[in-house]
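The block underneath contains the structure these notes are about, expressed in structure tokens.
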There are 2 protein chains.
Amino acid sequence: MAETARHPEPRYGTRPTMKDVAARAGVGLKTVSRVVNSEPGVTPDTERRVQEAIDALGFRRNDSARVLRKGRTASIGLVLEDLADPFYGPLSRAVEEVARAHGALLINGSSAEDPERERELVLALCARRVDGLIVIPAGDDHRYLEPEIKAGVATVFVDRPAGRIDADMVLSDSFGGAREGVAHLVEHGHRRIGFIGDRPRIHTATERLRGYHAAMTDAGITVQDDWVSLGTTDPGRVKAAAEAMLSGPEPVTALFAGNNRVTVTAVRVLAECERRVALVGFDDIELADLLGITVVSQDAAAVGRTAAEHLFRRLDGAGHAPARVELPTRLVARGSGELPPA
Amino acid sequence: MAETARHPEPRYGTRPTMKDVAARAGVGLKTVSRVVNSEPGVTPDTERRVQEAIDALGFRRNDSARVLRKGRTASIGLVLEDLADPFYGPLSRAVEEVARAHGALLINGSSAEDPERERELVLALCARRVDGLIVIPAGDDHRYLEPEIKAGVATVFVDRPAGRIDADMVLSDSFGGAREGVAHLVEHGHRRIGFIGDRPRIHTATERLRGYHAAMTDAGITVQDDWVSLGTTDPGRVKAAAEAMLSGPEPVTALFAGNNRVTVTAVRVLAECERRVALVGFDDIELADLLGITVVSQDAAAVGRTAAEHLFRRLDGAGHAPARVELPTRLVARGSGELPPA
DNA sequence: TAGGCCCTGGACAACGTTGTCATGGCGGGA
DNA sequence: TCCCGCCATGACAACGTTGTCCAGGGCCTA
């Protein structure tokens, strides 16, 4: 700090400003601003002189200052669970594409499923004054966002509903999808069907479990406690859960996997199992067609696109009441879900 | 402002500033700044009053103004090809993780392999005054970045070298990896080996092709023109190319796939082929272990991490000469690459 | 008790841009 | 020829924050 004061000459890292351009071009500051922003009221000759000065100095407008003056940043924030998860890549890309169409940049961050980290990220984005936020909630209490939303930050929650706050949401039909997937197994003759899902704190996890229960009830099957496993999706736990369900005197004959990570591990476990066990997974997976894995597919890109379009509609205009959109899922039969009970 | 005085609650779309907080807490503006930034020199009592005002008003510091004053944005930009590509997800996440450790946010954008779009994105990021840039080049001329780098924007190029400019780079050993992969096929008795890669404009594509040629030459094999196909990686073209190589009087007995997208399509084509054709792919793929696909694997997360660490080292300090880092690849044998010639 | 020091707090300028408004020159219509 | 009005241009304030510097009060010391 004192260092900086004593050495006022860190030329390296200093960028030319409009003032510098103006001086070099021999015009006023505002004229440079006009040229940079393609505003009318500049003669071609003046414009040329200014443009030359810009090129010569390598001037680039400082958007921070611009934002300060104009109030909008032309950027939106996306907070998701993990960018490395193959479900979120396409979702993020879809959001980016919509943002681009609206001239906005995308800042994104991974919450790692940690509510505190989600909060930190979201607030950091608000401090940057993003115009809008798309959040895949990790926590279940988003009241901390109330002042932000009131202040005009458009916010859309995705994949899971917001906690204790009224806001736009774009969800997939987790309940219906799981119900359909489990019913599919029932149709193929299964009655002892296992469910392996994510932690119950996660909304989609409980919705899918609810769908499982509904389908079982529809079929008149009483679910046994040891057919259901909820918890982290790390391979170790999922493997243990699957193996437990597949052993014992009355093993399950089919598995329903609650998300893509669970499905992957389940496939690995089943590959080493001599019995032929049926499997339906929630979320599609690359190469699942080649492996013949039947899935309940949700279109990640469509979810992202829908959310982003919602966001910009809200940014552009009317302050209609918060809406809740639910996108359908699609059962894709590829073999693993059509195996008969062993 | 007089308005604000009459309505203690902030109006929709207007955010409270430090001035508002100061007024409400009955202190000076700078005192609020001190509290917000945890600077010393504020009595506990004053701090409490300020904090109360902050909470009551829902104040959030405006980082745009802060940036304007301080010069650093604590954000870095990542320009890659396509966030939806499973190779870039983990890379991006790794970059984010390093950025987070340095208190920086990540802005990323997809160039869609379009040089002009890459340029637009990069310059937009520079206008936002990101502290640093990580770029996976789409174009082959990056002289447009010269003024930016001179002005102090730390820049690291990843996966492919920068064009006509001297800068830091983090690459994978495409040449060596491809050479090793093709040699692996040779070792298993193949002589007629096909190569399907990306457009020659892309550096990694030509490097991998070079590795292929080197391995063939090492083995004393003369490559026939129709064994090599370079072009877009869309499934249609790759499928056609693979089918062409697999038909005719002297079909290839093995394929080397130039990247993950090509590998995926190749696997699909080979699955419908009655002959058993060997396959080695560049880049690992989820579930490749279950499908028994032999690959030359590059660690996307390691690439991202290395690049980001490089970036922050440069940001933090010494202006050493631009470095070029090359990360090794690893051959993972899983079956498809060990098939004998049919 | 006086002098000096430290500690808290605030006034003010500056960061780089844009919006507002004033100015001066020039052309056209009367 | 004169005046009006339009157009190009620039001076200036403001956006919200932080750095600098100064003021005033309390306390310690001589």
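Each chain gets a letter, A, B and so on, in the order its sequence line appears, and its residues count up from 1.
Considering only side-chain N and O atoms, Ser33(B) lies nowhere under 4.0 angstrom from the phosphate OP1 or OP2 of dT17(D). Phosphate proximity of dG9(C) to Thr46(B): present, with a side-chain N or O under 4.0 Å from OP1 or OP2. For the OP1/OP2 pair of dC7(D) and a distance below 4.0 Å, the side-chain nitrogens and oxygens of Thr43(A) include no atom meeting the criterion.
Contact of Lys19(B) with dG16(D) (side chain to base): no donor-acceptor pair of N or O atoms is detected under 3.5 Å. Taking 3.5 Å as the limit, the base of dG16(D) and the side chain of Arg66(B) contain no donor-acceptor pair of atoms between them.
The aromatic rings of Phe312(A) and His102(A) sit parallel to each other, their planes meeting at less than 30°, with 60° as the upper class boundary.
Distance, Arg129(A) CZ to dT17(D) C1': 11 Å, rounded to whole Å. With rounding to whole Å, Leu29(B) atom CG is found 19 Å from dT8(C) atom P. Regarding Glu47(A), its CD atom lies at a distance of 14 Å from the C1' atom of dT9(D), rounded to whole Å. A straight line from CG of Asp45(A) to C1' of dT9(D) spans 13 Å, rounded to a whole angstrom. If you measure from atom CG of Asn62(A) to atom P of dA14(C), you get 18 Å, rounded to the nearest angstrom. Following rounding to the nearest Å, Glu39(B) (CD) and dC7(C) (P) show an atom-to-atom distance of 16 Å.
The minimum heavy-atom distance linking Thr155(B) with Asp168(B) is given by the pair O-CB, 3.8 Å.
Using a 4.0 Å heavy-atom cutoff across all strands shown, Ser64(B) reaches no nucleic acid atom at all. Backbone-only engagement by Val42(B) is indicated by non-hydrogen atom pairs under 4.0 Å involving sugar-phosphate atoms exclusively. Across all strands, Arg34(B) comes closer than 4.0 Å to base atoms (heavy-atom distances). Counting any heavy atom pair closer than 4.0 Å across all strands shown, Val27(B) reaches sugar-phosphate atoms only and no base atom. In this structure, Lys70(A) reaches the sugar-phosphate backbone alone: every heavy-atom distance under 4.0 Å involves primed, P, OP1 or OP2 atoms, never a base. Looking at heavy-atom distances under 4.0 Å, Val36(B) makes no contact with the nucleic acid at all.
Listed candidates were dG16(C), dT18(D), dT17(C). Nearest to the side chain of Arg61(A) is dT17(C). Minimum atom distance to the side chain of Arg69(B) is reached by dA13(C), of the listed dA13(C), dG16(C), dT20(D). For Leu68(B), taking side-chain heavy atoms from C-beta onward, the closest of the listed nucleotides dT17(D), dG16(C), dG10(C) is dG16(C). Comparing dT18(C), dG10(C), dT17(D) by their nearest atom to the side chain of Met18(A) picks out dT18(C). Proximity note for Asn37(B) (side chain, C-beta onward) versus dT17(C), dT18(D), dG19(C): the nearest is dT18(D).
Residues Asn37(B) and Arg61(B) have side chains in contact (heavy-atom distance under 4.5 Å, counting atoms from C-beta outward). Proximity of Arg66(A) to Asn62(A): side-chain heavy atoms (C-beta onward) are nowhere separated by under 4.5 Å. At a threshold of 4.5 Å between non-hydrogen side-chain atoms, the residues His142(A) and Pro137(A) count as touching.
Between Asp131(A) and Thr73(A), the side chains place a donor N or O and an acceptor N or O closer than 3.5 Å (distance only, hydrogens not considered).
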